[in-house]
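Please read the structure below before turning to the comments.
Note that this is a predicted model, so its numbers are computed, not measured. Each chain gets a letter, A, B and so on, in the order the sequences are listed, and its residues count up from 1.
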Number of protein chains: 2
Amino acid sequence: MSDGRSTSAYSGENLLFLTDEQLRQGIEAMFFAYRGFTADPDRILANMAYGRAHHRAIHFIHRAPGTTVNNLLNILGVTKQSLNRVLRTLVAQGLVISKVGKVDKRERHLFLTDEGSRLEQTLSDAQRARMRSAFRDAGPAAVAGFRTVLEAMMDTEMQRAYTRLKETGA
Amino acid sequence: MSDGRSTSAYSGENLLFLTDEQLRQGIEAMFFAYRGFTADPDRILANMAYGRAHHRAIHFIHRAPGTTVNNLLNILGVTKQSLNRVLRTLVAQGLVISKVGKVDKRERHLFLTDEGSRLEQTLSDAQRARMRSAFRDAGPAAVAGFRTVLEAMMDTEMQRAYTRLKETGA
DNA sequence: CAGTATATGTCAGTGTTGTTGACATTCCAA
DNA sequence: TTGGAATGTCAACAACACTGACATATACTG
């Protein structure tokens, strides 16, 4: 049920792209590409006291300024304790400020400071540069396919979160 | 230099797919999709004493039976101490055996035991199922684009490793 | 053969990121 | 006013990565 081409290969149409061999290549491509994807920001952050978790928090705070902790929690998919550790250091270092909500004072709204924005800029410039180069090499048709497959690969809740973000930005 | 559509949008041709907004969507898609990508094996492994690192080792040993430790080290991109911790437990639990090399006795060649193969099967079945469903939903053209972009996103050494593996399997 | 290089394994320490569990505070809403 | 939601904090722990140092066996080279 998983060696060779058991999955497909008959059925008249061209379903060769569903061969187990093709699927495995897709899996390995995903593994190697994700390493490249995170390599540049990781390199930058290695010299500071921050890591990938800080990058993610900064990215989504930049993306949706004023977002609440709970909101961020759902997007990032980690526990509040885990996120809180990260946020605490970012606030302590003056990269993020957390303001008590006006309508609901239990909520904390998160914003980047100028220094936080500068770091965000540096990190996303590096990541965008790689993405841009990959997109340019691959061409628009490949990029469209890339995004179609990625969206199909997400969990449904993540797909919703992603779509919401996408619409927010356009 | 990074807000709006500074990157492209003129130049006559359709370079809209290189807009900063598009790049950011690509970045976020990668982030969410990778979570889906690892979710199923992670869930399975959570109930055992193993984690993602064990999965990776098992995958590539299955992929290239008899591979050496050094080889695996380069593919996985971790330190030997890190890999060794994982291999030690896998060997101790009887999922992997390590044989002294015949031509070079310094080398250890790694193989999955029957039990190791069973676990590999379980894990990759789960991962392949998701990949298959994503591929089927997206269609062959999108899949081709997906792989093109991923390859362009890898570091050059990883691209080489990936290509080598790809050719080994076909 | 002597010396150097390679492949592997191991010990000890450290850092980041994730997890549970427990508990306090604040505040909205029924 | 009471219950529950949102947030924060403390403590303990585990997985997985890192560095540095050292040991052993083997292979290669002059």
Side-chain angles (χ1 to χ4, degrees), chain A residues 31 34-35 38-39 41-61 66-93 96-110 123, chain B residues 31 34-35 38-39 41-61 66-93 96-111:
Chain A
F31 169 68
Y34 195 75
R35 283 246 298 277
T38 57
D42 281 359
R43 233 187 317 272
I44 294 170
L45 290 163
N47 301 325
M48 317 185 189
Y50 305 121
R52 210 175 284 179
H54 300 85
H55 180 198
R56 291 197 284 256
I58 287 174
H59 173 95
F60 286 108
I61 293 173
T67 189
T68 64
V69 173
N70 223 3
N71 215 321
L72 208 49
L73 231 50
N74 292 324
I75 290 174
L76 296 176
V78 296
T79 59
K80 63 175 178 177
Q81 293 91 331
S82 197
L83 176 58
N84 189 256
R85 192 187 328 113
V86 168
L87 285 180
R88 214 183 326 169
T89 73
L90 289 177
V91 168
Q93 305 289 311
V96 166
I97 45 178
S98 121
K99 290 182 184 167
V100 173
K102 281 180 181 170
V103 316
D104 186 337
K105 292 176 187 164
R106 291 167 303 179
E107 295 181 340
R108 302 299 137 94
H109 297 276
L110 304 168
L123 294 172
Chain B
F31 169 67
Y34 195 76
R35 282 247 297 279
T38 56
D42 281 359
R43 232 186 318 272
I44 294 169
L45 289 163
N47 302 324
M48 317 184 188
Y50 306 120
R52 211 177 282 178
H54 300 83
H55 180 197
R56 291 196 284 257
I58 287 175
H59 173 95
F60 285 107
I61 293 173
T67 190
T68 65
V69 173
N70 225 356
N71 217 320
L72 207 49
L73 232 48
N74 292 326
I75 290 176
L76 296 177
V78 295
T79 59
K80 66 174 178 174
Q81 293 91 328
S82 200
L83 175 58
N84 188 255
R85 189 187 338 110
V86 168
L87 285 181
R88 214 182 331 177
T89 73
L90 289 176
V91 168
Q93 305 290 310
V96 166
I97 44 178
S98 120
K99 290 181 185 168
V100 173
K102 279 180 182 170
V103 316
D104 187 336
K105 291 177 187 166
R106 291 170 305 179
E107 296 181 337
R108 300 299 138 92
H109 298 277
L110 304 168
F111 301 88

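By the salt bridge (charged side-chain N to carboxylate O under 4.0 Å, His left out) test, B:Arg88 is found to be paired with no residue, residues two or more places apart in sequence or in another chain being considered. Taking the ring-ring contact (aromatic ring centres under 6.0 Å, His included) definition, one finds that B:Phe31 meets it with A:Phe60, sequence neighbours left out. Residues passing the salt bridge (charged side-chain N to carboxylate O under 4.0 Å, His left out) test with B:Arg52, sequence neighbours excluded: B:Asp42. Remark: A:Val103 pairs with no residue by the side-chain contact (heavy atoms from CB on, under 4.5 Å) rule, at least two apart or across chains. Partners of B:Ser98 by side chain to side chain donor-acceptor pair (under 3.5 Å), not counting sequence neighbours: none found. By the side chain to side chain donor-acceptor pair (under 3.5 Å) test, A:His55 is found to be paired with no residue, residues two or more places apart in sequence or in another chain being considered. Every residue was checked against the side chain to side chain donor-acceptor pair (under 3.5 Å) condition with B:Arg35, not counting sequence neighbours, and none meets it.
Spacing between atom CZ of B:Arg85 and atom P of C:dC11 amounts to 13 Å, rounded to whole angstrom units. Residue B:Asp42 contributes atom CG, which lies 11 Å from atom P of C:dT19 at whole-angstrom precision. As rounded to whole Å, 16 Å separates atom C1' of C:dT17 from atom NE2 of A:His55. Between the CG atom of B:Asn84 and the P atom of C:dA7 there is a distance of 16 Å, rounded to whole Å. In this structure, A:Arg56 places its CZ atom 14 Å from P of C:dT16, rounding to the nearest Å.
When B:Asn71, B:Thr68, B:Leu87, B:Leu90 are each tested for a side chain to side chain contact (heavy atoms under 4.5 Å, CB included) with B:Leu110, only one passes: B:Leu87.
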Side chains of residues 73-84 of chain A: which donor-acceptor partners sit under 3.5 Å, not counting sequence neighbours?
unit_1, atom_1, unit_2, atom_2, d
A:Asn74, ND2, A:Asn70, O, 3.3
A:Thr79, OG1, A:Ser82, N, 3.3

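If you check residues 69-78 of chain A against DNA chain D, the residues with a heavy atom closer than 4.0 Å are A:Val69, A:Asn70, listed by number.
Across all strands shown, B:His54 has heavy atoms under 4.0 Å from sugar-phosphate atoms exclusively, and none from any base. Residue contacts for B:Arg88: at a heavy-atom cut-off of 4.0 Å it reaches the sugar-phosphate backbone alone, with no base atom in range.
Every pair passing side-chain hydrogen bond (donor to acceptor under 3.5 Å, both in side chains) that includes a residue from residues 100-111 of chain B is listed here, sequence neighbours excluded: B:Asp104-B:Arg106.
Of the side-chain N and O atoms in A:Thr79, one or more sit less than 4.0 angstrom from OP1 or OP2 of C:dT19.
The heavy-atom pair separating A:Asn47 from A:Arg43 by the smallest distance is ND2-O, 3.9 Å.
Along DNA chain D, the stretch of nucleotides lying under 4.0 Å from any heavy atom of chain B spans, 5' to 3', D:dC16 to D:dA27.
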Do any N or O atoms of the protein come closer than 3.5 Å to N or O atoms of nucleotides 22-28 of chain C, and which pairs are they?
none

